[in-house]
Asker: 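First, the structure itself, so that you have it in front of you.
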Amino acid sequence: MDREWHRVDITGLVFSKPREESKAMSTPNNKAADNLLACRSGWHVKGMGRSGSIALLIGLATIARPVAAADPVAVVAGDAAPAVAALTPAAPCDPYKNFECLDDYLGKGFWERLSNYYSLEWGQPSGPSDPKAPAARREDWPPAAQTTPPMPFTEWPYGGATPLGVTRPGSVDSPLMNALGNTSFGSWMNANNFQMYGWIDVGGNASTSTTKPGGNAPAAYLYTPNTVQLDQVVLYLDRFPDTVQKDHIDWGMRFSVIYGENYRYTTSYGLASYQLLDKNKVNGYDFPMLYGELFIPQVAEGLMLRAGRFISLPDIEAQLAPNNYMYTHSMTYTFDNYTNTGLQSTLALDKNWMVQLGVTVGTEAAIPHIHETVGNPYPNVPGTGPGQVGYNPLYPYSSFKKDPGAMPSYTLCGRYNSTDGRTDVNLCADAINSGEYGYNNLQWYGLTAYHQINEQWHVSFEAYHLFERNVPNELNSDVQTIYANGGAPFAPRYIPYNAPGLAVCSNASVISCRAGAWGEVAYFNYSPDPLDNFSIRPELYWDPQGQRTGVATHYFNFALGWQHWFSPQVEIRPEIAYYHSLDAPAFNGNSNAGIAPNKSREVILSGDLIWHF
């Protein structure tokens, strides 16, 4: 005879039973005992025998509900056949809707959790957020300037400090930390506000220059044309001080290590610099940031003290790949200060104004070099004059400092950020001292400025003048003799590769001169959606003595770039750039190999992939 069927749901399983045998169960007061009785009278689970069904049902309460006879889920072939039941799958966990299920979503094993976290964020503009987390910035602080993705920052950059008023400990979105989250090591790090994370950056280029290596220079960082390179593998160990709160002193630190071609642009003389200066290795390692921080919120709106090695102030760009709009760097950035070592303070006077004061040992200089000297094999011989053997007015004594530019130096900067967060200006004098010619003893005076035009467009601008004094004149024959005999700190016998450049002074008769450079660069940025940004980079650079780039000339650079994020962890940055040296050929050479540049124009198609972990 025709039968109507009931379905009973138990923890997501659907059971079927002939209606006439289950009428006693169709009451609101049925009990677990009734369920066991129902098992004895013919209840089955699809794929299980009667005994399996009984074992599954022990201790579970059910509520039976009538189902129409035409219900396609409830169909049987006969009394003896096991009932056909459907499985009702549990709704999948979505940590973007329910953050508390994130740990269940990721799973147990390290590789499983790592893979699942990448999958979770794929196609998303941000990671899942914890609704119970404390506020990420002070309530009365200017709003965040941008979002990451698609920009390389959320706050307008000023450098020298973990951003004040807007930083919480453990706030980096890291697949590695999530993969470690259920281990004892990861739990200890999270409990103590430490994070370990980083990225791998691989790039390549196709260029109209052909000299290998080095033919793309002074374009950077891709100095070798028509190649694929490991730009950088970077690992950070961080502890951020909590700069949002205002009731207790907090501390922070950063240990960073970089490996790849880009070490060539971070090297500080005296810190693993043998790789670049003695061996000219294509790939090498460096430690661009090694510092500790102390945040004192009771002073005005907060005082940050940073001690160690850190990225120079203020700059739009940085050596670390994700901190830049585009794959290539402007010449303005390539040839200015990179890192300083010393003590840097940042004081928030109020929500709009900050002042920064620092004391360092110069630029790319090591503390031991302040007093370290080297014997001079070619001192000045009294009574000699220009053109005579033994004439050395540059370094006349029996010894000279290993790096004459390593000396106490001072940084003073001021920052204004508008209340609406749309406009930001930074004026800065960085690493100022006597300006004596050193490894990279640049006297930097300049500014950076940012303005958000609307929700899609913003512009970043940087301009500076930098210089050194008493730079030896490469046109002077006595200078050539002094260098050939080791009578100068940066002569080839001490630094065989990539030594600081000499100056093309106004005439060959002077032994040295002041060498400076001027740089102006802008980034016009258009972001149509949260995962894409397009950048336009016009630039003018003037190196009148050729000390920075190796050629005394004006430069013009124009570049177009696209940054596309597949997720907050994976980014590609294709671009095309045009370079022109207006007064003399500057491209397709190699100074280390003695190859003179022979091109005044260069076009480079390039791009990279950044994979965060």
Asker: Before you tell me yes or no, could you show the steps for Ile604 and Thr328 under side chain to side chain contact (heavy atoms under 4.5 Å, CB included), namely the whole-Å CA-CA distance, both residues' side-chain angles and the distance that decides it to 0.1 Å?
Answerer: CA-CA 10 Å; Ile604 303 176; Thr328 62; 5.5 Å; no
Asker: Can you tell me how far the SG atom of Cys513 sits from the CD atom of Gln545, to the nearest 0.5 Å?
Answerer: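 Here the interatomic distance stands at 5.5 Å.
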Asker: Give the minimum heavy-atom separation between Val471 and Gly501, together with the two atoms involved.
Answerer: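 Looking at all heavy atoms of both residues, the closest pair is CG1-O, 4.0 Å.
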Asker: If we ignore hydrogens and angles and just use 3.5 Å, is the side chain of Asn324 paired with the main-chain N or O of Ala318 as donor and acceptor?
Answerer: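 Checked: pair present.
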Asker: Begin from the C-alpha positions of Asp140 and Lys351 and carry the test salt bridge (Lys or Arg N to Asp or Glu O under 4.0 Å) through to its verdict.
Answerer: CA-CA 8 Å; Asp140 61 339; Lys351 65 181 180 180; 5.8 Å; no
Asker: Looking at every non-hydrogen atom in both residues, tell me the closest pair between Gly165 and Val244 and how far apart they are.
Answerer: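 Reported closest heavy-atom pair: O-CG2, 3.7 Å.
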Asker: Is the shortest side-chain heavy-atom distance between Thr339 and Thr363 below 4.5 Å?
Answerer: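 Heavy-atom side-chain distance check fails, nothing below 4.5 Å.
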Asker: Parallel, tilted or perpendicular: which one describes the rings of Tyr555 and Tyr541, with boundaries at 30° and 60°?
Answerer: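 Taking Tyr541 first and then Tyr555, their aromatic rings sit tilted (interplane angle of 30° to 60°).
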Asker: Does the Lys NZ or Arg CZ of Arg306 fall within the cation-pi geometry relative to Tyr291 - under 6.0 Å from the ring centre and within 45° of the axis?
Answerer: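 Geometry flag: set, cation within 6.0 Å and 45°.
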Asker: Taking the basic N atoms (NZ, or NE/NH1/NH2) and the acidic carboxylate oxygens, is any pair closer than 4.0 Å for Arg548 and Asp543?
Answerer: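 Salt bridge flag = no for Asp543 with Arg548.
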Asker: Supply the atom-to-atom distance Asp231 CG to Asn262 CG, rounded to the nearest 0.5 angstrom.
Answerer: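 Asp231 CG to Asn262 CG: 4.5 Å, rounded to 0.5 Å.
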Asker: Identify the two heavy atoms, one from Asp430 and one from Asn337, that lie closest to each other, and give their separation to 0.1 Å.
Answerer: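 Asp430 and Asn337 have their closest heavy atoms at OD2-ND2, 3.0 Å.
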Asker: Does Tyr158 form a side chain to side chain donor-acceptor pair (under 3.5 Å) with Asp424? I'd like the steps, not just the answer.
Answerer: CA-CA 9 Å; Tyr158 53 94; Asp424 182 275; over 6 Å; no
Asker: Cation over ring, Arg254 on Tyr236, under 6.0 Å and within 45°?
Answerer: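 Because its charged atom sits under 6.0 Å from the ring centre and within 45° of the axis, Arg254 does stack over Tyr236.
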Asker: If you measure only the distance, is there a donor-acceptor pair under 3.5 Å linking the side chains of Asp286 and Thr266?
Answerer: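 Yes, a side-chain donor-acceptor pair sits under 3.5 Å.
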Asker: Find the distance between CG (Asn426) and CD1 (Ile316) and round it off to the nearest 0.5 Å.
Answerer: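 If we round to the nearest 0.5 Å, Asn426:CG and Ile316:CD1 are 10.0 Å apart.
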Asker: Quick check: Tyr450 with Tyr523 (ring centres under 6.0 Å apart)?
Answerer: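 Distance test on ring centres: not under 6.0 Å, no.
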Asker: Below 4.5 Å, heavy atoms only, C-beta onward: do Arg601 and Tyr579 meet side chain to side chain?
Answerer: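 No, side chains not in contact.
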Asker: Decide side chain to side chain donor-acceptor pair (under 3.5 Å) for Thr267 and Gln275; before the verdict, give the C-alpha distance in whole Å, the side-chain angles of both, and the deciding distance to 0.1 Å.
Answerer: CA-CA 9 Å; Thr267 295; Gln275 304 167 95; 6.0 Å; no
Asker: Find the distance between OG1 (Thr332) and CD (Glu317) and round it off to the nearest 0.5 Å.
Answerer: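 Going from the OG1 atom of Thr332 to the CD atom of Glu317 covers 8.0 Å.
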Asker: For Asp173 and Gln569, does a side-chain donor sit closer than 3.5 Å to a side-chain acceptor?
Answerer: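 There is such a pair (donor and acceptor under 3.5 Å, judged by atom type) between the side chains of Asp173 and Gln569.
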Asker: Side-chain contact, heavy-atom cut-off 4.5 Å: Arg309 with Leu271?
Answerer: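 Result yes, sub-4.5 Å side-chain heavy-atom pair found.
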Asker: Establish, yes or no, whether a centroid distance under 6.0 Å links the rings of His329 and Tyr221.
Answerer: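 So the answer is yes for these two rings.
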Asker: Would you check if the side chain of Asn441 reaches a backbone N or O of Glu436 as a donor-acceptor pair within less than 3.5 Å?
Answerer: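 Judged by distance alone, yes, a pair lies under 3.5 Å.
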Asker: May I have the step-by-step check of salt bridge (Lys or Arg N to Asp or Glu O under 4.0 Å) for Arg137 and Glu155, ending in yes or no?
Answerer: CA-CA 11 Å; Arg137 61 195 307 114; Glu155 310 299 319; 2.9 Å; yes
Asker: So, Glu602 versus Ser209: side-chain donor-acceptor pair below 3.5 Å or not?
Answerer: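 Distance-only check passes for Glu602 and Ser209.
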Asker: Checking side-chain contact (heavy atoms from CB on, under 4.5 Å) against Thr448, which of Cys413, Pro314, Ser460, Cys428 comes through?
Answerer: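 By the side-chain contact (heavy atoms from CB on, under 4.5 Å) criterion, Thr448 pairs with just one of Cys413, Pro314, Ser460, Cys428: Pro314.
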Asker: Minimum heavy-atom separation for Ala586 and Ser581, please, with both atom names.
Answerer: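 Distance-wise, the nearest heavy atoms are N-OG, 3.4 Å.
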Asker: For His554, is there any backbone N or O sitting under 3.5 Å from a side-chain donor or acceptor partner on Asp583?
Answerer: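 Side chain of Asp583 to backbone of His554: a pair is present.
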Asker: Given ring-ring contact (aromatic ring centres under 6.0 Å, His included), test Phe153 with Tyr325 step by step and report yes or no.
Answerer: CA-CA 9 Å; Phe153 50 75; Tyr325 295 111; 5.8 Å; yes
Asker: With a 6.0 Å cut-off (strictly less than), is the heavy-atom count around OH of Tyr578, excluding the residue itself, greater than 12?
Answerer: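 More than 12 within 6.0 Å, yes.
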Asker: Asn590 side chain to Pro213 main-chain N or O, any donor-acceptor pair under 3.5 Å?
Answerer: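 Flag set: sc Asn590 to bb Pro213 pair under 3.5 Å.
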Asker: Can you check whether Tyr118 reaches Trp611 side chain to side chain, under 4.5 Å on heavy atoms?
Answerer: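 Heavy-atom side-chain distance check passes, below 4.5 Å.
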Asker: At their closest point, which heavy atom of Ser606 faces which heavy atom of Asn205, and how far apart are they?
Answerer: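 Scanning both residues, the minimum pair turns out to be CB-CB, 3.7 Å.
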Asker: Is Glu301 paired with Arg138 through a side-chain N to carboxylate O contact shorter than 4.0 Å?
Answerer: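 Looking at Arg138 and Glu301, the cut-off is met.
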Asker: Between Phe295 and Phe240 (judged by ring centroids, cut-off 6.0 Å), do the two rings come close enough to count as a pair?
Answerer: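 Not under 6.0 Å, so no.
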Asker: Could you tell me whether the side chain of Ser527 and the main chain of Asn533 form a donor-acceptor pair under 3.5 Å?
Answerer: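 No, Ser527 side chain to Asn533 backbone: no donor-acceptor pair under 3.5 Å.
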Asker: Have Glu539 and Tyr333 got a donor and an acceptor in their side chains that come within less than 3.5 Å?
Answerer: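 No pair is found: no donor N or O on one side chain lies under 3.5 Å from an acceptor on the other.
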Asker: Can a donor-acceptor pair be found between the side chains of Asn592 and Asn498 at a distance below 3.5 Å?
Answerer: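 Yes, Asn498 and Asn592 have a side-chain donor paired with an acceptor closer than 3.5 Å.
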Asker: Go through the side-chain N and O atoms of Trp457 and Asn525 and say whether any donor and acceptor fall under 3.5 Å apart.
Answerer: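 Distance-only check fails for Trp457 and Asn525.
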Asker: Please determine, by modelled atom types, if Glu293 and Thr162 share a side-chain donor-acceptor pair under 3.5 angstrom.
Answerer: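 Short answer, yes.
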Asker: Checking Gln356 side chain against Leu347 main chain: does a donor-acceptor pair fall under 3.5 Å?
Answerer: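 No, because the side chain of Gln356 does not come within donor-acceptor range (under 3.5 Å) of the backbone of Leu347.
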Asker: Checking Asn226 against Thr210: is there a side-chain donor and acceptor pair closer than 3.5 Å?
Answerer: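 No - no donor-acceptor pair under 3.5 Å links their side chains.
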Asker: Rounded at 0.5 Å granularity, tell me how far CG in Leu276 sits from OH in Tyr269.
Answerer: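 Answer rounded to 0.5 Å: 11.5 Å.
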Asker: Where the side chain of Trp565 meets the backbone of Pro150, is there a donor-acceptor pair that is under 3.5 Å apart?
Answerer: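 Side chain of Trp565 to backbone of Pro150, a donor-acceptor pair under 3.5 Å: yes, one is there.
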Asker: Tell me whether Asp403 contacts the main-chain N or O of Gly405 through its side chain, where contact means a donor paired with an acceptor under 3.5 Å.
Answerer: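 Yes; at least one donor-acceptor contact below 3.5 Å.
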Asker: Backbone N or O of Thr167 within a donor-acceptor pair of the Ser171 side chain at under 3.5 Å?
Answerer: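 Not confirmed, Ser171 side chain does not pair with Thr167 backbone.
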Asker: Determine the interplanar angle of the Phe558 and Phe556 rings, folded into 0 to 90°, and report it as parallel if under 30°, tilted if 30 to 60°, perpendicular if over 60°.
Answerer: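 Judged by the thresholds at 30° and 60°, the geometry between Phe558 and Phe556 is parallel.
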Asker: Taking the six-membered ring where the residue is Trp, are the ring centres of His458 and Trp156 under 6.0 Å apart?
Answerer: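 Distance test on ring centres: under 6.0 Å, yes.
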Asker: Main chain of Thr423, side chain of Ser418: is a donor-acceptor contact present, judged purely on distance under 3.5 Å?
Answerer: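 Yes: the side chain of Ser418 pairs with the backbone of Thr423.
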Asker: Looking at side-chain heavy atoms only, is the closest gap between Met326 and Arg573 below 4.5 Å?
Answerer: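 When only atoms from C-beta onward are counted, Arg573 and Met326 do not touch, as no gap falls below 4.5 Å.
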Asker: Does a donor on one side chain sit under 3.5 Å from an acceptor on the other, for Asn588 and Asn598?
Answerer: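 Yes, because at least one side-chain N or O of Asn588 sits under 3.5 Å from a partner of the opposite role on Asn598.
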Asker: Can you find a heavy atom in the side chain of Glu462 that is under 4.5 Å from one in the side chain of Glu520?
Answerer: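 Glu462 does not reach Glu520 side chain to side chain.
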Asker: Would you mind reporting whether Phe467 and Leu442 have side-chain heavy atoms less than 4.5 Å apart?
Answerer: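 Leu442 does not reach Phe467 side chain to side chain.
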Asker: Side chains of Arg264 and Tyr223: closer than 4.5 Å at any heavy-atom pair?
Answerer: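 Yes, their side chains come closer than 4.5 Å.
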Asker: Apply the test ring-ring contact (aromatic ring centres under 6.0 Å, His included) to residues Phe566 and Trp122: give CA-CA distance (whole Å), side-chain angles for both, the deciding distance (0.1 Å), then the verdict.
Answerer: CA-CA 6 Å; Phe566 297 98; Trp122 199 262; 5.6 Å; yes
